[in-house]
Peer 1: 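The structure is given below, and queries will be raised subsequently.
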Amino acid sequence: MNNKESVSGSVSLMKSLIEEGTDTIFGYPGGAIMPVFDALYDFRKELRHILVRHEQGAVHAAQGYARASGKVGVVLVTSGPGATNTITGIADAIIDSTPLVVISGQVVSPLLGTDAFQEVDIVGISQPVTKWSYQVRKADEIAWAVAQAFYIASSGRPGPVLLDFTKDAQVAMTNHYYEKCTSIRSYIPAPKPGKDSIKKAANLINFAKKPFALVGQGVEIGKAEQELIDFIEKAQIPAAWTLLGASVIPFDHPLNKGMLGMHGNLAPNQKTYECDVLIAIGMRFADRVISDVNTYAKQAKIIHFDIDPAETGKNVDVDIPVLGDVKETLPAVTKLLKQADHDDWIESFDIINGEEYEKVIVNEIYCDKEYITMGEVVRRVSEKTNNEAIIVTDVGQNQMMAARYSKHRFSRSFITSGGLGTMGFGLPAAIGAKIARPDRTVCLFCGDGGIQMCIQELGTIMQSNVKVKIIVLNNKYLGMVRQWQEIFFNERYSETPMLNPDFVKIADAYRIKGRKVTTRNELDEAIIEMLEHNGAYLLVVDVEKKGMVLPMIPPGMDVNNIILAKY
């Protein structure tokens, strides 16, 4: 809250952003947002603007910033194509629950609906993929709209909000007065935890012989990592994690049993069909986890902790929904739990994971193949950062290998595009993550296809001196599509072989140091050189052309159909 001050709408916007704790904006200027960028010129000490090379890159960078920091990412773009270029990133953010405020410019109010130059109905376009979209036509609305936007974006299940500012609202004068939003009528960010459901959940867990926890990003979003550890330790519950929950539990915790899903670890996927109580915590039962809904965990009673009532029972029938903020609901249940001993059940996970180790992992990360494998590159990078780096990925084989073979000591250490699976996400997201956490090493794993989707953001790295470490796993294919073509389409590799440029020369053109590795005996030295270099670095590793991400549960099938070896 502050005293009223007569300023332009653009200055009011700057002051409002500062009131919300914004320190970084990712954006690209243009005609309809020019008054705001002019105002930004006078706020350069308080607000750092990162000039991206494409508006999609701005949103992905803001996502990386938000995911690494826990703050709201902010994007500033112009009207028309500037605004429409943000839609892919916004759609990515809504499905992965990433808090963003996207600010777009718009033509002056009298021209709305006239098909004026660079006019588009961005509010209408964005409504299906935002928590809230609103057009600001008066300068007096700006402070109110920004306060609403930040509250909606960051509260409850987070997500993106879009504010569309007409040019006349940007230039008109207003008596600026800012008051943070703390509630909105009819908007309930988090349901109040029900005592009955908490008691029922605790009773079910206390009588369980084979409890199993499935942990998602909701724990990280709710800042409930320690509450989760207290929960699983008290009742001795083995836990596995979804793709987005990869860094929620420290890799060396004895109850951490690995990754769920299509390319997850063997034991968690098998034990889903053996447990008697399945406890889902901050995850949404996506199709890549449940695969065949008709057979999924039919033997188990299911408890689902979630802040979003729409998720409980949506994809899987749930016996006990525990609604509310997981930072409140988990301790409430933990308090009612009895100390338990499930040693035999926990040990059974390790036996199966040992089988996977022998059949899959040894061949991937400790191999003597002619070609370098993706998995061994990921594991070596992770180990040489003491497993303390923030790992960012693009989408495809590189993503699954990074999830399987990187290790994490700390939360908010694995950033990827989960629900939408957006190729091109990785490079700008890594930029945002490094800007949010300059104190941490940020390593990006991407394929030769994904890196070229947003390769222009190397220019952002050059201009803003962002010290990210980029590892291109180069197999000269669109690898994941090729893998499916090999298994399901009789090796008919339609439009998946890639003729690639010299990535090191491209990096050099952007004044980024680079190196290419083609043999295994170069790998460790090159990784050390990359990590020790005081600046951005692009390491291209030529990897096995037809490598496979295994295990793999074919889509629509259950764990009985899992593929453990290439055939």
Side-chain angles (χ1 to χ4, degrees), residues 197-216 218-219 227-242 245 248-249 252-262 264-286 289-306 312-313 315-322 326 329-330 332-357 551 553 557-562:
S197 63
I198 287 169
K199 287 180 181 179
K200 286 181 178 179
N203 287 337
L204 193 56
I205 295 168
N206 282 332
F207 284 101
K209 302 297 183 184
K210 298 179 178 181
F212 183 28
L214 314 183
V215 181
V219 173
E227 287 78 2
L228 171 68
I229 297 299
D230 294 342
F231 172 79
I232 62 175
E233 286 183 347
K234 186 173 182 181
Q236 282 296 287
I237 303 171
W241 33 270
T242 66
V248 170
I249 308 173
D252 55 356
H253 193 286
L255 293 172
N256 183 347
K257 299 305 175 186
M259 184 170 76
L260 297 159
M262 178 179 284
N265 295 109
L266 183 58
N269 283 320
Q270 281 195 1
K271 293 302 179 179
T272 298
Y273 293 82
E274 296 178 26
C275 64
D276 57 359
V277 176
L278 193 65
I279 308 155
I281 308 170
M283 55 87 73
R284 59 186 183 86
F285 287 112
V289 169
I290 63 175
S291 196
D292 184 359
V293 69
N294 295 312
T295 62
Y296 183 78
K298 293 301 181 182
Q299 82 293 340
K301 296 289 186 181
I302 299 180
I303 301 168
H304 192 176
F305 289 79
D306 209 287
T312 57
N315 295 331
V316 171
D317 290 334
V318 172
D319 296 281
I320 303 174
V322 183
V326 72
T329 55
L330 267 179
V333 173
T334 302
K335 186 178 179 180
L336 302 177
L337 294 181
K338 297 175 182 178
Q339 295 285 346
D341 181 356
H342 297 299
D343 287 348
D344 291 344
W345 169 239
I346 293 167
E347 185 179 347
S348 69
F349 281 77
D350 299 331
I351 293 170
I352 297 174
N353 274 338
E355 177 187 349
E356 179 187 347
Y357 182 85
I553 301 175
M557 298 184 182
D558 62 26
V559 73
N560 293 319
N561 304 104
I562 197 166

Peer 1: Taking the side chain as every heavy atom from C-beta outward, state whether V559 and T272 have any atom pair closer than 4.5 Å.
Peer 2: no
Peer 1: A quick test of your reading: do over 12 heavy atoms of other residues, nucleotides or ligands sit less than 6.0 Å from NZ of K338?
Peer 2: no
Peer 1: Search all heavy atoms of G258 against all heavy atoms of P268 and return the closest pair with its distance.
Peer 2: C-CG, 4.1 Å
Peer 1: Just so I know, are the side chains of M557 and D292 near enough to count as touching, which here means a heavy-atom distance under 4.5 Å?
Peer 2: no
Peer 1: List the steps and the verdict of side chain to side chain contact (heavy atoms under 4.5 Å, CB included) for L228 and L330.
Peer 2: CA-CA 7 Å; L228 171 68; L330 267 179; 4.2 Å; yes
Peer 1: Work out which heavy atom in A235 is nearest to a heavy atom in L337; give both atom names and the distance.
Peer 2: CB-CD1, 3.9 Å
Peer 1: What pairs of residues pass the side-chain hydrogen bond (donor to acceptor under 3.5 Å, both in side chains) test when at least one of them lies in residues 340-353, not counting sequence neighbours?
Peer 2: K257-D350, K271-S348
Peer 1: Restricting to non-hydrogen atoms, name the atom on D319 and the atom on K301 that form the minimum distance, rounded to 0.1 Å.
Peer 2: OD2-CA, 3.3 Å
Peer 1: When rounded to the nearest 0.5 angstrom, what distance separates CG in L260 from CG in L214?
Peer 2: 5.0 Å
Peer 1: If I compare all heavy atoms of V289 with all of Y296, which pair ends up nearest, and what's the gap?
Peer 2: O-CE1, 3.9 Å
Peer 1: Quick one: closest heavy-atom pair of Y273 and T295, and the distance?
Peer 2: CE2-O, 3.2 Å
Peer 1: Does the pair I249 and L255 meet the rule for a side chain to side chain contact (heavy atoms under 4.5 Å, CB included), with working shown?
Peer 2: CA-CA 9 Å; I249 308 173; L255 293 172; over 6 Å; no
Peer 1: Does any non-hydrogen side-chain atom of W241 lie less than 4.5 Å from one of V219?
Peer 2: no
Peer 1: Only counting residues at least two apart or in another chain, list the ones meeting salt bridge (charged side-chain N to carboxylate O under 4.0 Å, His left out) with E355.
Peer 2: K359
Peer 1: Do you know the tightest heavy-atom contact between K335 and K234?
Peer 2: O-NZ, 3.7 Å
Peer 1: Side-chain donor-acceptor pairs under 3.5 Å in residues 276-284, sequence neighbours left out?
Peer 2:
unit_1, atom_1, unit_2, atom_2, d
D276, OD1, K210, N, 2.9
D276, OD2, K209, N, 2.7
D276, OD2, K210, N, 3.3

Peer 1: Using a 3.5 Å distance criterion without hydrogens, assess whether the side chain of E356 forms a donor-acceptor pair with backbone atoms of L266.
Peer 2: yes
Peer 1: Which residues satisfy the side-chain contact (heavy atoms from CB on, under 4.5 Å) test with D230, sequence neighbours excluded?
Peer 2: Q226
Peer 1: Mind checking what makes side-chain contact (heavy atoms from CB on, under 4.5 Å) contact with V318, not counting sequence neighbours?
Peer 2: I302, H304, P321
Peer 1: D558 versus I553: any side-chain heavy-atom pair under 4.5 Å?
Peer 2: no
Peer 1: Between F231 and V326, is any pair of side-chain heavy atoms under 4.5 Å apart?
Peer 2: no
Peer 1: Determine yes or no for a side-chain-to-main-chain donor-acceptor pair under 3.5 angstrom, with Q270 supplying the side chain and N265 the backbone.
Peer 2: no
Peer 1: Could you list the residues that satisfy side chain to side chain donor-acceptor pair (under 3.5 Å) with E233, not counting sequence neighbours?
Peer 2: H253
Peer 1: Nearest 0.5 Å, what's the OG1-CD1 distance between T334 and I232?
Peer 2: 10.0 Å
Peer 1: Quick one: pull up CD1 in I351 and CD1 in I346 and give me the separation to the nearest 0.5 Å.
Peer 2: 12.5 Å
Peer 1: Counting neighbours of CG on N203 that are heavy atoms of other residues, nucleotides or ligands and sit closer than 6.0 Å, is the number greater than 12?
Peer 2: yes
